[in-house]
Structures are given as structure tokens and as C-alpha cells.
Amino acid sequence: MRLSSHDDFTRLREIIVGSAANYTGHDRDVSFELFHHENLTGFRSDWAYPRLVTPTEAGARPEQWAINRRYAEELAEDVEDLAQVLAELGITVHRPIPLPADPAPIAGLGWTAPPVPALNIRDNTLILGEEIIETPPAIRARYLETRLLAQVFTAYWQAGARWTTMPRPVLTDASFDLSYARDATTTLGGPTEPIDDPQPSPYDVGYEMMLDGAQVLRLGRDLVVNIAQANHARGVDWLERHLGDRYRIHRVYRMADNHIDSMLLALRPGVFLARHDGIRDMLPEPLQSWKFIVPPQPDTGAFPTYGDADLVLTSPYIDLNVLSVDEDTVLVNQDCTGLIKTLEAEHFTVVPVRHRHRRLFGGGFHCFTLDTRRDGTCEDYLT
Ligand SMILES: NC(=[NH2+])NCCC[C@H](N)C(=O)O
């Protein structure tokens with residue numbers, strides 16, 4: 001259980017695979033709406049936003065958006081299959097505590113929310129070499145998600161890893177910088193509602209640090225970090241002060257609304273998988289000369305057909321969210337044939353893996369996982 005992971009592409013030895021157990025709903029409070037703002041489409045209606053809804057039954061939580069039971073069951077099947085595929089590739093696989101059925105709600109100062117399973121575990125933790133860094137969550141329902149990983153993190157800590165938690169936000173309405181959500185040029189899907197009236201709270205502390213591990217591209221001693229608003233900027237400032245001169249942090253502005261692992265992933269030194277070539281200009285100069293593999297536009301026929309009751313949380317580019325086993329071998333969604341052909345034409349070995357409902361649950365194979373040991377070191381890939 002030695003923790004050591006500095007990148008997304010050197011030989012993978014150990015990994016944590018998330019859990020989809022009991023993923024029954026999304027809690028559509030202001031923190032959820034802001035985080036998923038860019039991909040939420042077609043729900044411009046009062047009932048889509050809790051503050052405009054009068055609970056119909058005593059105690060009913062209007063924010064709760066039920067997930068189709070069959071989709072949740074199929075997701076769980078696919079996540080267990082992913083864990084099996086990785087184990088069969090000789091990789092040691094760890095798992096979080098599965099969320100129990102009907103869990104008690106969690107609470108912060110002035111809010112409550114139903115917890116969600118530790119599925120997209122890339123989001124709330126950053127592994128930098130021998131250090132576990134729990135990142136400050138932006139969604140209230142995910143506030144305690146990393147506690148489901150505490151058993152695994154403790155084992156790595158007992159084996160010598162460092163274990164750090166970034167300052168935990170209070171997450172009152174006023175904690176959130178709304179500038180990205182209000183900026184019409186960034187909202188692809190159309191806002192669910194103009195979020196213009198944050199409710200005051202006695203716990204207000206102003207804009208807080210909020211930064212997900214999936215906003216960080218790890219390249220040995222270089223970290224490319226996406227910033228879309230002030231919450232992210234404060235998180236990166238903390239990270240830079242914490243890391244000191246051990247790492248070089250490269251800030252990029254609005255490469256995405258938050259996560260960049262369906263925008264840009266390094267497949268090996270000198271080679272990126274990218275959503276589009278325009279990303280090149282956002283990167284530090286030494287990375288602009290790397291090869292960019294840009295697959296064909298997503299085939300919308302490669303996704304299940306969903307109805308109005310199904311909340312689509314990602315773009316159709318989600319299948320760029322691949323997981324590398326080593327610098328030549330990549331796990332790819334089996335339904336994304338354009339990407340598979342593109343990578344094979346570039347002489348990568350593709351391992352096709354089933355993952356049906358990646359647009360409903362916010363992530364792909366990179367999101368579902370947290371690599372904890374790879375062969376790479378804190379290399380300088382930029383010189
Ligand atoms: N670590 C993650 N959960 N990444 C998922 C990013 C999905 C991205 N927002 C998209 O719509 O394509």
C-alpha cells in the first residue's frame with residue numbers, strides 16, 4: 001500500500017474504483033445547480049429549482065430528483081465490471097465504503113443534503129506523489145464523500161503517505177462566485193434559472209475555496225489547473241502555498257466550467273488526448289508543442305436515449321474521460337467507436353469497457369477512479 005502517483009499515464013499498479021451503490025437521486029440545491037449549470041438543459045421551470053417550489057408534502061425535499069432505478073442498477077453493474085477488468089489486468093483495486101440504502105441526511109451550517117455514493121472519486125481528492133489531498137467540495141451532497149474512502153486513505157497513511165485536507169468550505173449561498181453561471185457566453189446548455197438571489201446566512205464568510213481534483217492535470221512536477229471563478233482561484237492559491245517549490249502550478253482560465261478530464265488528458269509524455277485543438281493556446285508554452293490527438297465529434301447515437309425525467313449532467317464529450325493503464329494501453333468506452341479507431345490508428349492498445357449511463361452520473365473511467373500507484377516519478381516533462 002505504498003502511495004505514489006504523479007501522472008495519468010505511467011504503468012498503473014494500484015487504483016481505487018468508486019462505488020455506485022444506492023445512487024438513488026440528485027439533490028438539486030443551489031450548489032448542485034451551479035456546479036452542473038453548463039450541462040443542465042431544458043429544465044427552465046419553477047419546479048426545477050427548489051427555492052421556487054413549495055414542498056407538496058411535509059418534509060418532502062423538493063430538491064430531490066429521483067434517478068431511474070434501472071439506470072442506477074446498470075451503472076452499478078458497469079462500475080463492478082470496470083473493477084474486474086482492472087483486476088484482470090493485474091492492478092490492485094481498492095474500493096470505498098458503499099453508501100447504505102436510505103442514508104441519514106448530512107448537514108452543514110445552515111443546510112442539509114442527502115449524501116451520494118463515492119462514485120466520481122477523482123473529484124474530491126488529488127493524489128500528488130506520496131500525498132493524499134482532500135479537496136474542498138462545491139456540492140453540499142458530496143461534502144462527506146471522501147469519508148467513504150477513509151479506510152483506504154488510512155491504510156495508505158499507515159504505510160507512510162502524507163494525508164492533507166484543504167480548508168472545508170461552509171457552503172452557504174453567499175460562498176459561491178456566480179460569475180461563471182451568469183456569464184451567458186459560458187452557458188452552453190442554457191441556465192436552469194438565473195441564480196440571482198443568494199439567501200443571506202449568519203454563517204456567511206464570503207467566497208470560499210472550492211476546487212476539485214479533476215480540475216488538475218498532473219504532469220510530474222507540473223500541474224495544469226483550471227480556474228473558472230473566484231472559488232477555484234482561492235483553492236489554487238492555497239494549493240500553491242501548500243506545495244511551495246515542489247511543484248510548478250500553471251493556471252488556465254475557463255478551459256471548462258470546472259473539471260478538465262473530458263477536455264484534456266496526457267496519454268504519454270508529448271501526447272495529449274484533447275476535445276479540440278484550441279486548448280493548445282491555453283497551455284504553458286512547452287506543452288503547446290505536444291501532439292494533440294483530437295477524436296471525431298461524439299456520435300449522439302452512441303448514448304442511450306433519455307427522457308425529461310432523466311437529468312443529463314455531462315456533455316457528449318464525456319467519453320474522452322479515458323483511463324490509461326500505461327503509455328500504450330487505454331480503457332475506453334466500448335460505445336465510443338470513433339475514439340477507439342482514432343487511438344488504434346495512433347498505435348495505442350484500446351481496452352473497450354462498457355459504461356452505459358456516463359451522461360447521467362457525471363463521469364467516465366477517469367472520474368470513477370483514483371490511481372494511487374503508478375511507476376512514474378515527479379518528473380520534469382516540460383524541459
Ligand atoms: N471528474 C469528472 N467528474 N469529470 C467529468 C467532466 C464532465 C464534463 N463536465 C463534460 O460535461 O464533459
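We count ligands from 1, going down the list as the structure has it; atoms in each ligand are counted the same way. We count residues from 1, following the sequence as given. Excluded from the calculations below are hydrogen atoms, water molecules and symmetry mates; all remaining heavy atoms, backbone and side chain alike, are included.
Using a 4.0 Å heavy-atom cutoff, R275 is listed among the residues neighbouring ligand 1.
Of all atoms in ligand 1, numbered sequentially from 1 with element shown, those under 4.0 Å from a heavy atom of C367 are 1 (N), 2 (C), 3 (N), 4 (N), 5 (C). Those atoms of ligand 1 that come under 4.0 Å of a heavy atom in A214, given as number and element, are 1 (N). Short contacts between ligand 1 and D261, defined as distances under 4.0 Å to a heavy atom of the residue, involve ligand atoms 1 (N), 2 (C), 4 (N), 5 (C), 6 (C). Applying the 4.0 Å criterion to heavy atoms of I318 picks out, from ligand 1, the atoms 5 (C), 7 (C).
The side chain to side chain contact (heavy atoms under 4.5 Å, CB included) test with L211 is passed by exactly one of L126, N226, V225: V225.
At least one N/O-N/O distance between D123 and ligand 1 falls below 3.5 Å. Polar contact with ligand 1: absent for R122 (N/O pair, distance under 3.5 Å). Between H259 and ligand 1, at least one N/O pair is under 3.5 Å apart. Looking at Y317 next to ligand 1, no N or O pair under 3.5 Å apart turns up. In terms of N/O distances under 3.5 Å, ligand 1 is approached by G362.
The aromatic rings of H355 and F365 sit tilted, their planes meeting at an angle between 30° and 60°.
Applying the 6.0 Å contact sphere to CG of D277 captures more than 12 heavy atoms from other residues, nucleotides or ligands.
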_Between Y23 and H26, is the ring-ring contact (aromatic ring centres under 6.0 Å, His included) condition met? List the steps._
CA-CA 8 Å; Y23 210 142; H26 296 303; 5.6 Å; yes

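Hydrophobic clustering (side-chain heavy atoms under 4.5 Å, transitive across Ile, Leu, Val, Met, Phe, Trp, Tyr) groups L75 together with L323.
The protein heavy atom nearest to atom 9 (N) of ligand 1 is N39 ND2, 3.7 Å. Closest to atom 11 (O) of ligand 1 among all protein heavy atoms lies S315 N, 2.7 Å.
Checked by atom type and distance alone, the side chain of N231 pairs as donor or acceptor with a backbone atom of S175 at under 3.5 Å. Between the side chain of W111 and the backbone N or O of I106 there is no donor-acceptor pair closer than 3.5 Å.
Remark: among candidates P298, S262, G364, the nearest residue to atom 7 (C) of ligand 1 is S262, based on non-hydrogen atoms.
Stacking of R254 on the aromatic ring of Y180 is not recorded, the 6.0 Å distance cut-off and the 45° axial limit not both being met. Figure legend: cation-pi geometry between R280 and F292, with NZ or CZ positioned under 6.0 Å from the six-membered ring centre and within 45° of its axis.
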